[in-house]
J.: 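First, the structure itself, so that you have it in front of you.
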Amino acid sequence: MQKITTAEEANNFLNTFDTFLFDCDGVLWEGNRVLDGVRETLSLLRQQGKRILFVTNNSTKSRSMYLKKLQSMNIDATVDEIFGSAYATAYYVKNILNFPSDKRVYAFGDKGLKEELEAENINVCGIGEDTEPIDFDTLDTIKPDYSIGAVILGFDIQLNYRKYAKAFTYVHSNPDCKLIATNEDSTYPIHGTVYPGTGAIISPVLTALGRRPIVMGKPEKPMIDCIVDKYHLDKNRTCMVGDRLNTDILFGINGGLKTLLVLTGISKEQEIMDQEQPIKPDYYANALGDLYFLSQ
C-alpha cells in the first residue's frame, strides 16, 4: 500500500495503467461541487491516451441520463465511457447469459433500467406497470408465467406487494428463471441525506425465496466481468479508483484489478491504517486532483 505524495510517485502511478475506472460521488464530486483538480486530472489522463470509465451502482439512470449529469458538471464524457449498474445488468443478460429471444424479463426499477434493457432488445415488463394495489381477494390472480426467463430487482420508488408477489412467484415456480439484483446498496444517498436503498427494498423477495441473486453492482464481480468483456481490458493495466473500501476498493480486488483510494469521501486514512482492516488499496491519495497537481 503506497500513498502518492510526490511528483515521481504520481507519474509512476500514471505510467503503470492504461485504463482507469472511476466511482463518482466522493471521487469526482461532493454534492453539486466538482472536487479540486478533478477536471484537470481527467484531461491529463486523456492527453496521455488513457481510457476512462465512470462506474456507478445507480440503477435508476441509463447511460444517456448519467451523461447529462456529467455534462451539467462540466466533466467531459461520452456514453460509451459510462458503466452503471442498469447498463451492466442489461449487458450481462444479453451477452453473458445469452438471454433467449423468446423469453421476457420481469423487473422492478426505474425508467433508466428499462431504457437499457430495451436498448439490448430485451423484452421487459413490470417497470412502469403493476402500480395498482392488490388485496387478499385478488392475490391468487398472480400465477406462474413461464415466459419470464429472468427477474431483475432494481431501485423502485413505487414498489408494492403486487410487484413483490409477481417477482417471487415467477422465480419460485420456475427453477430455470434467473434472479438478478442491480446492486445491494443498503442506502440511497440524495440531497445530503440517505434513504433505504436497493438492498433494503428488495430484501423481502430474497428472504421469501431463501436464495441469493446474481448481483451486478459494486463490490460484486459480474460488473467487472462485463466491463472486461466489452472493452477487452488488460486487468494488469487497469485501476479502480474510489472512496469506499467496502464497495469501490473491494470491487477492484474482487475483479483482479489494482486499486486507488482517495480520501475525499467515505473511507479515511485511519481506517486503512487499522491493522484489523482486511480491505487495503494498492495506492491511496488525499484526492484525485493530487495526480494532476503533483505531476506538474
Side-chain angles (χ1 to χ4, degrees), residues 21 23-25 53-67 69 79 82-97 99 104-120 122-130 148-159 163-164 166-168 170-171 177-190 194-207 209 211-227 229-230 242 244 246-248 250-251 254-255:
L21 278 54
D23 177 51
C24 297
D25 193 10
L53 297 172
F54 303 98
V55 182
T56 172
N57 271 8
N58 190 330
S59 69
T60 66
K61 291 182 171 63
S62 65
R63 288 171 297 162
S64 61
M65 294 173 187
Y66 219 81
L67 178 62
K69 178 176 177 65
V79 165
I82 299 168
F83 219 95
S85 66
Y87 176 64
T89 301
Y91 186 93
Y92 185 87
V93 170
K94 179 71 172 182
N95 299 285
I96 306 299
L97 292 183
F99 196 67
R104 297 186 299 153
V105 161
Y106 182 80
F108 298 170
D110 213 319
K111 56 187 177 181
L113 177 59
K114 183 178 183 181
E115 182 180 311
E116 295 291 13
L117 289 165
E118 290 180 339
E120 295 292 332
I122 296 167
N123 188 350
V124 57
C125 58
I127 298 176
E129 306 168 8
D130 296 331
I148 303 294
V151 167
I152 296 174
L153 310 176
F155 189 86
D156 190 336
I157 206 166
Q158 303 293 337
L159 267 179
K163 294 181 182 181
Y164 281 133
K166 281 194 171 186
F168 171 83
Y170 297 151
V171 177
C177 184
K178 304 296 185 183
L179 179 63
I180 301 168
T182 59
N183 65 79
E184 285 189 308
D185 292 2
S186 59
T187 57
Y188 181 81
I190 187 170
V194 294
Y195 298 98
T198 305
I201 65 175
I202 69 175
S203 59
V205 176
L206 304 184
T207 299
L209 288 169
R211 61 179 279 191
R212 288 276 297 155
I214 300 166
V215 182
M216 295 307 307
K218 299 176 288 186
E220 303 300 325
K221 188 172 176 286
M223 187 150 69
I224 284 283
D225 293 339
C226 292
I227 293 171
D229 181 77
K230 177 174 181 178
R244 298 182 66 149
N246 63 353
T247 53
D248 306 319
L250 185 57
F251 177 63
N254 286 341

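Keep in mind it's a predicted model, so treat the numbers as computed, not measured. Sequence positions, counted from 1, serve as the residue numbers for this chain. Values below: all heavy atoms of this structure, side chains included; hydrogens, waters and symmetry mates excluded.
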J.: What's the spacing between Leu113 CG and Ile127 CD1 if we round to 0.5 Å?
T.: 4.0 Å
J.: With rounding to the nearest 0.5 angstrom, report the CG to NZ distance, Asp110 to Lys61.
T.: 8.5 Å
J.: Do you know which of Asp23, Asn246, Thr247 makes side chain to side chain donor-acceptor pair (under 3.5 Å) with Lys218?
T.: Asp23
J.: About how many Å separate OG1 of Thr182 and CD1 of Ile202, when rounded to the nearest 0.5 Å?
T.: 7.0 Å
J.: Salt bridge check, Arg212 against Glu184: does any charged N sit closer than 4.0 Å to a carboxylate O?
T.: yes
J.: Looking at side-chain heavy atoms only, is the closest gap between Cys24 and Tyr66 below 4.5 Å?
T.: yes
J.: If you apply the rule side chain to side chain contact (heavy atoms under 4.5 Å, CB included), what do you find for Ile152 with Val124, and how did you get there?
T.: CA-CA 10 Å; Ile152 296 174; Val124 57; over 6 Å; no
J.: Do Ile227 and Met223 come within less than 4.5 Å of each other through their side chains, counting heavy atoms only?
T.: yes
J.: Kindly give the heavy-atom pair with the smallest separation between Met65 and Thr60, and that separation in Å.
T.: SD-O, 4.0 Å
J.: Can you check whether Ile148 reaches Cys125 side chain to side chain, under 4.5 Å on heavy atoms?
T.: yes
J.: Does Asp185 have any side-chain contact (heavy atoms from CB on, under 4.5 Å) partners at least two apart in sequence or in another chain, and if so, which?
T.: Asn57, Asn183
J.: For Lys221, does the NZ atom sit with more than 12 other heavy atoms under 6.0 Å from it, leaving out its own atoms?
T.: no
J.: For the pair Asn95 and Glu120, evaluate side chain to side chain contact (heavy atoms under 4.5 Å, CB included) and give the outcome as yes or no after the intermediate values.
T.: CA-CA 9 Å; Asn95 299 285; Glu120 295 292 332; 4.1 Å; yes
J.: Checking Phe54 against Lys69 for the side chain to side chain contact (heavy atoms under 4.5 Å, CB included) test, could you report, in this order, the C-alpha distance in whole Å, the side-chain angles of both residues, the deciding distance, and whether it holds?
T.: CA-CA 12 Å; Phe54 303 98; Lys69 178 176 177 65; over 6 Å; no
J.: Do other residues, nucleotides or ligands put more than 12 heavy atoms under 6.0 Å from Ile157 CD1?
T.: no
J.: Which pair of heavy atoms, one from Phe83 and one from Lys230, lies closest together, and at what distance?
T.: CE1-CD, 4.1 Å
J.: Roughly how far, to the nearest 0.5 Å, is CD1 of Ile201 from NZ of Lys163?
T.: 9.5 Å
J.: Give the ring-plane orientation class for Phe108 versus Tyr164, where under 30° counts as parallel, over 60° as perpendicular and anything between as tilted.
T.: perpendicular
J.: Can you name the nearest heavy-atom pair linking Ser85 to Gly217, along with the distance?
T.: CB-CA, 4.5 Å
J.: Cut-off 3.5 Å, side chains only: do Tyr92 and Lys178 have a donor facing an acceptor?
T.: no
J.: Does Val205 reach the side chain of Val171, with side-chain heavy atoms less than 4.5 Å apart?
T.: no
J.: How far apart are the closest heavy atoms of Glu115 and Ser62, and which atoms are they?
T.: OE2-OG, 2.8 Å
J.: Side chain to side chain contact (heavy atoms under 4.5 Å, CB included) between Thr89 and Glu116: does it pass, once the steps are laid out?
T.: CA-CA 8 Å; Thr89 301; Glu116 295 291 13; over 6 Å; no
J.: Does the gap between the ring centers of Phe155 and Tyr188 come in under 6.0 Å?
T.: yes
J.: If you measure from CD1 on Ile224 to CG on Asp229, what distance do you get to the nearest 0.5 Å?
T.: 12.5 Å
J.: Work out which heavy atom in Phe99 is nearest to a heavy atom in Arg104; give both atom names and the distance.
T.: CZ-O, 3.5 Å
J.: Tell me every residue that passes salt bridge (Lys or Arg N to Asp or Glu O under 4.0 Å) with Lys111, counting only those two or more places apart in sequence or in another chain.
T.: none
J.: Can you name the nearest heavy-atom pair linking Ala86 to Ser59, along with the distance?
T.: CB-O, 3.6 Å
J.: If I take atom OH from residue Tyr91 and atom CE from residue Met216, how far apart are they, to the nearest 0.5 angstrom?
T.: 10.5 Å
J.: Answer yes or no: is there a side-chain heavy-atom contact under 4.5 Å between Asp248 and Leu21?
T.: no
J.: Main chain of Ile214, side chain of Glu220: is a donor-acceptor contact present, judged purely on distance under 3.5 Å?
T.: no
